[in-house]
Amino acid sequence: MKYDTLIAAAKAARLQAYAPYSKFQVGAAIEADDGMIFTGCNVENLSFGLTVCAERVAINTAVAAGKRAFRKLVVFADSSEPVTPCGACRQVLVEFCDELEVCSINLAGNEHHTTLSVLLPRAKAGILG
């Protein structure tokens with residue numbers, strides 16, 4: 001479960017974040033099942049509901065490149081504790097990968113490891129499932 005390359009990619013992506021309102025920059029890197037890495041950063045909007053999280057930017061970029069299966073995700077943020085994907089991001093991610101490994105890390109190097117199935121249990125047991 002090496003995360004070094006993904007952490008470096010998420011850290012670099014964080015620097016591209018557009019966060020003029022919250023000043024909270026987040027970077028994400030997701031690894032497809034073939035080893036390709038896709039990154040994303042949060043992009044804020046004055047109309048807050050239009051803001052896009054780093055995790056969704058990363059997976060949307062991967063899907064646009066034809067990827068549909070993923071192994072690992074790193075979320076990198078300047079926070080006192082590592083942050084995990086929000087509910088909307090969890091739901092988008094689970095569409096493609098129930099057992100995604102998730103590593104959250106902050107600038108201090110504190111890491112939190114979990115899986116998407118722990119973060120969003122019974123995700124596909126809704127009214128349509």
If hydrophobic clusters are built by linking Ile, Leu, Val, Met, Phe, Trp and Tyr wherever their side-chain heavy atoms come under 4.5 Å apart, do Val92 and Val63 end up in the same one?
yes
In terms of hydrophobic clustering (I, L, V, M, F, W, Y; side-chain heavy atoms under 4.5 Å; direct or indirect links), are Leu100 and Ile59 co-clustered?
yes
Side-chain contact test, heavy atoms from C-beta onward, threshold under 4.5 Å: evaluate it for Asp98 versus Leu116 and give yes or no.
no
Qualifying residue for side-chain hydrogen bond (donor to acceptor under 3.5 Å, both in side chains) with Thr84, from Glu55, His112, Arg90:
Arg90
When rounded to the nearest 0.5 angstrom, what distance separates CG in Asp33 from CZ in Phe96?
12.5 Å
Taking the side chain as everything from C-beta on, heavy atoms only, tell me whether Ile30 gets closer than 4.5 Å to Leu93.
yes
Roughly how far, to the nearest 0.5 Å, is the OH atom of Tyr3 from the CG atom of Leu73?
9.0 Å
Tell me whether Val57 is reachable from Val74 by hopping between hydrophobic residues (I, L, V, M, F, W, Y) whose side-chain heavy atoms are closer than 4.5 Å.
no
Do you know the tightest heavy-atom contact between Ala9 and Ala29?
CB-CB, 3.9 Å
How many angstroms lie between CD in Glu101 and OG in Ser117, if you round to the nearest 0.5 Å?
10.5 Å
At what distance, to the nearest 0.5 angstrom, does OG1 of Thr115 lie from CG of Leu120?
10.5 Å
Approximate separation, where rounding is to 0.5 Å, of Leu6 CG and Lys11 NZ:
14.5 Å
Decide whether a cation-pi geometry holds between Lys67 and Phe38; the criteria are a distance under 6.0 Å from NZ or CZ to the six-membered ring centre and an angle within 45° of the ring axis.
no
Working to the nearest 0.5 angstrom, can you tell me the gap between Glu44 CD and Tyr21 OH?
8.0 Å
Can you give me the closest heavy-atom contact between Glu81 and Ser79, atom names plus distance?
O-OG, 2.5 Å
Applying a strict under-4.5 Å side-chain criterion to I, L, V, M, F, W and Y, I'd like to know whether Ile37 and Phe76 cluster together.
yes
Which heavy atom in Ala58 sits nearest to a heavy atom in Gly40, and how many Å separate them?
CB-N, 3.7 Å
Hey, does the side chain of Asn106 reach the backbone of Gly109 with a donor-acceptor pair shorter than 3.5 angstrom?
yes
Would you check, one step at a time, whether the test side chain to side chain contact (heavy atoms under 4.5 Å, CB included) holds for Lys72 with Cys97?
CA-CA 10 Å; Lys72 298 177 189 168; Cys97 44; over 6 Å; no
For Ser80 and Asn110, work out which heavy atoms get closest and say how close.
O-ND2, 4.3 Å
Would you mind reporting whether Val75 and Pro85 have side-chain heavy atoms less than 4.5 Å apart?
yes
Might you point out which heavy atoms bring Cys53 and Cys89 nearest each other, and give the distance in Å?
CB-SG, 3.3 Å
Heavy-atom side-chain contact between Cys86 and Arg56 under 4.5 Å:
yes
Please check if the side chain of Thr51 supplies one atom and the backbone of Phe48 the other of a donor-acceptor pair under 3.5 Å.
yes
Search all heavy atoms of Val83 against all heavy atoms of Ser104 and return the closest pair with its distance.
O-OG, 2.7 Å
Would you say Val52 ends up clustered with Phe24 if hydrophobic residues are merged whenever their side chains have heavy atoms under 4.5 Å apart, either directly or through other cluster members?
no
